[in-house]
Amino acid sequence: MYQKTIAELAAGLRAGEFSSEELTRSYLDRIEKHDEKLNSVLTLTASAALEAAKAADKRLKNGDATMLTGIPYLHKDIFCTLGVRTSCGSRMLDNFEAPYDATVTAQLKEAGAVMLGKTNMDEFAMGSSNETSFYGPVKNPWDLERVPGGSSGGSAAAVAARLAPLATGTDTGGSIRQPAALCGVTGIKPSYGRVSRFGMIAFASSLDQGGPFATCAEDAAHMLEAMSGFDRRDSTSIDRPVDHYAEGLAEDLCGLKIGLPREYFGEGLDARVGAAVEAAIEEYRTLGAEVREISLPNASLAVPAYYVVAPAECSSNLSRMDGVRFGYRCDNPRDLEDLYTRSRGEGFGAEVKRRIMVGTYALSAGYYDAYYLKAQQVRRMIRDDFVRAFEDVDIIMGPVTPTTAFKLGEKADDPVTMYLSDTYTIAVNLAGLPAMSVPAGMAEGLPVGLQLIGNYFDEGRLLNAAHKFQQVTDWHTRMPAGFE
Ligand code: GLN
């Protein structure tokens, strides 16, 4: 069952070949059997999942089911889930049960999707390797000594090992695309404002976007359709109709104009990753696309600009975790000051503290103009590069990550080297564009991702291009050994 697409599962459910309850049980069994190796699931909600599956089975009989009715999924532990622990990978929220559902949680519930549990992640989504989680690192199913990427590493590893057919993620600087690439699954980060941020614990509010992980673009299209839409409770949500992504997959690629940014193929790109990406682009030529070189002249400024903007925003967002209203509180505080400092000191991990300090510094009186304002100006230049590029091309393609999955611990003590692993993903968030990662090859037994970057609200075109590629390649169907 775990090798079927969503459309196949939906057809099987409708034909009565299996029930959602059986399907849900089979995935719960897979999690029980395999997750010990991965540490990808933080909270398993087995009994609630079986209840939801039974309700889905009724709905399927009544004929008012959606594509996702009865389909199991795993939810990144950054999305609030009513009555279920929402830890965000942090000791700070280890005891936090959300009093409401995030909009995305509610949308998936309404569609009839069955939540199996919540996935491990970097603490407050800060990281590129899933090593900053309070609950320990997630392992890459392709090699248990390697990282799955971060911050949505639990979701990516779980889908790669087929512990769920679908999972959610969030992407502030690459956290859907980067783990999708390192684990060999398909992930899409939508345009800023497409998916509601209400109830999605905020890291850097002007960059954060939720999106799906799946094995293939077709499945991701179904999930993205269910997650998208206007939400008046998110002030940056865009009021614009949701495209029918799955229907758009049939479009032909003839004449599609692809741009390859020169800056994404230079120094720092591992040769084997580069070769796999180039072979994938050759496939697009065969499919009828026109490929040309383009330039994103400010590409090298993305990492430095992001590492001012994101920490600045997180220092403000995380100030609500003060030991008073919710989350971790230290034992026996002497006074209010002690309560704040010890609760935050004990509740947050090292990377989160580093970001809060960098961000607070950048926003301080006297430094604001030099750092935050300057970074915002650079951000506009980076956006303008993309706007210009999209005057001539339809999709920009390149690598997602400079290397394949690295070893656990390899970069953990060197934050700057870790930050540089986001070099090809971050500019997209600064510009607010949609982008995806598609399995495009293997290098020494490890997956390589191809990045597709689209113009604003052009998710449909990205999914279509990814789907066409997946019809003529089989990278997305490969599974890591040991997870049968
Ligand atoms: N790796 C980046 C960071 O650490 C991006 C994380 C993300 O997209 N949530 O900030």
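By convention here, the first residue in the shown sequence is residue 1. Whatever order the structure lists ligands and atoms in, that order sets their numbers, starting from 1.
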Is there a polar contact, in the sense of an N or O pair closer than 3.5 Å, between [X] and ligand 1?
X      : result
Gly150 : no
Thr170 : no
Phe203 : no
Met126 : no
Asp171 : no

If you round to the nearest 0.5 Å, how far is OH of Tyr456 from CZ of Phe386?
8.5 Å
CG-CD1 distance between Leu462 and Ile396, expressed to the nearest 0.5 angstrom
10.5 Å
Can you tell which part of [X] has a heavy atom less than 4.0 Å from ligand 1: side chain, backbone, both or neither?
X      : result
Ser175 : both
Met121 : neither
Tyr307 : side chain

More than 12 heavy atoms of other residues, nucleotides or ligands under 6.0 Å from CD of Glu36: yes or no?
no
Does Tyr192 OH have over 12 foreign heavy atoms under 6.0 Å away?
yes
Could you check, using the six-membered ring where one of them is a Trp, whether Tyr27 and Tyr2 have ring centers closer than 6.0 angstrom?
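Judged by ring-centre distance (under 6.0 Å), Tyr27 and Tyr2 do not meet the cut-off.
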Summary of side-chain hydrogen bond (donor to acceptor under 3.5 Å, both in side chains) pairs that have at least one residue in residues 400-416, sequence neighbours excluded
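Matches after skipping sequence neighbours: Asp414-Thr417.
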Please state which option from Asp422, Thr132, Asp122, Asn429 has its nearest heavy atom closest to atom 1 (N) of ligand 1.
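It is Asp422 whose heavy atom sits nearest to atom 1 (N) of ligand 1.
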Check Thr86, Thr45, Leu74 against Lys118 for a side chain to side chain contact (heavy atoms under 4.5 Å, CB included) and give me the one that passes.
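Testing each of Thr86, Thr45, Leu74 against Lys118, the sole residue satisfying side chain to side chain contact (heavy atoms under 4.5 Å, CB included) is Thr86.
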